[in-house]
Amino acid sequence: MADINIRMAGPALEKLGYLDVEIDPTLDLFKEIERLKKEKNAVVLAHYYQEADIQDVADYIGDSLGLAQQAEKTNADIIVFAGVHFMAETAKILNPNKKVLLPDLKAGCSLSDSAPPPLFKKFREKYPDHVVISYINCSAGIKALSDVICTSSNARAVVESFPVDQKIIFAPDKNLGAYINKKTGRKMVLWNGACMVHEIFSLEKINKLKVRYPYAKLIAHPECEDAVLRVADFIGSTTQLLNFSHKDGAKEYIVATETGIMHQMQKNSPEKTFIPAPPDNSCACNDCPHMKLNTLEKLYLCMEYEQPELLMDEDLRKAALKPIQRMMEISARAGL
Ligand code: 13P
Ligand code: SF4
């Protein structure tokens, strides 16, 4: 058992966003995490962009919609969210009486940060006859200013649940919004936000990869820019990309989303080759620096000491709950 000085851990937690405690290097963290799950009736929910070890120890791995659905139906007393802040917030909004832990409280999201609630409130006031559809990758403050939430799995169904003449603001991801506009023929007003991971894929390098692997299919997340989406063979949320790569007949795939998903792709289809789409910098693949703040060590510590815990103002939670519930209903009706 790690020797912890809680008096030291408090300030370190505030400054670093996680418990800064030395762990006995002989400890089997996989076993310890399994023990803690049972002892505390805790469930570990992990996004596909988490490191492979975290995915392997999780009770459920999924995309944003799947994770929210799991969070809504869990009987666990503690939800350990291996993902980023807005995802843990969503779990808390759905479960006010459960303890929600995030291994590193500083695991944020550039897309969520691109929409500060006070600015968005002013923006919304310019369009009084518009409804607001917000992508789940936003803060509770933005959710509270929205009529309905969507994820990349159900964005089209959520948009199409409104009459064609309904004026709509879509926030915060302009790339997903533009993609849905194209698919549905709507003319939604878009907030100018983007994901730092998906917007830096290099079309030039992708085209070079396509020449090197002429039989590879390009599969892309709709948070990517239009130039990349135009040359993609398949576009979908992380779960949809995973399912497609498993069922499809090709042998090679160029994957234009965060590299964490490739762990599951490779597990599901060991005979296939998955090539990360390169970003427009000196790296060969594209990791989300926020998602990757979580580590197996931090996951273990947060379960052992039940810190850092995600807390939320009750009025904000109630206001953010309504548009999430509306999304859940539309999703259920669409069989998603
Ligand atoms: P999905 O997992 O819903 O496809 O979203 C991708 C993403 O960027 C999560 O941060
Ligand atoms: Fe946010 Fe993009 Fe990271 Fe997802 S991949 S958490 S949208 S920065």
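Both counts, for ligands and for their atoms, begin at 1 and track the order of listing. Residues: numbered from 1 along the sequence shown.
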Inspect the contact between Glu304 and Lys40 and indicate whether a charged nitrogen and a carboxylate oxygen are less than 4.0 angstrom apart. no
With a 4.0 Å cut-off, would you call Asp77 and Lys99 a salt bridge? no
Is [X] close to ligand 1, meaning an N/O of one under 3.5 Å from an N/O of the other?
X: Asp63; value: no
X: Ser152; value: yes
X: His198; value: no
X: Ser64; value: yes

Would you say Glu258 contacts ligand 2, with heavy atoms under 4.0 Å as the rule? no
Does His47 have a heavy atom less than 4.0 Å from any atom of ligand 2?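 No, His47 has no heavy atoms under 4.0 Å from ligand 2.
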Among Lys31, Glu306, Met303, which one satisfies side chain to side chain contact (heavy atoms under 4.5 Å, CB included) with Leu36?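 Testing Leu36 for a side chain to side chain contact (heavy atoms under 4.5 Å, CB included) against Lys31, Glu306, Met303 leaves exactly one candidate, Met303.
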Should you measure from each heavy atom of [X], which atoms of ligand 1 turn up under 4.0 Å away?
X: Met87; answer: 9 (C), 10 (O)
X: Ser237; answer: 4 (O)
X: Tyr135; answer: 5 (O)

Could you check Tyr253 against Asp248 for side-chain hydrogen bond (donor to acceptor under 3.5 Å, both in side chains), going step by step and ending with a plain yes or no? CA-CA 10 Å; Tyr253 298 86; Asp248 181 63; 2.7 Å; yes
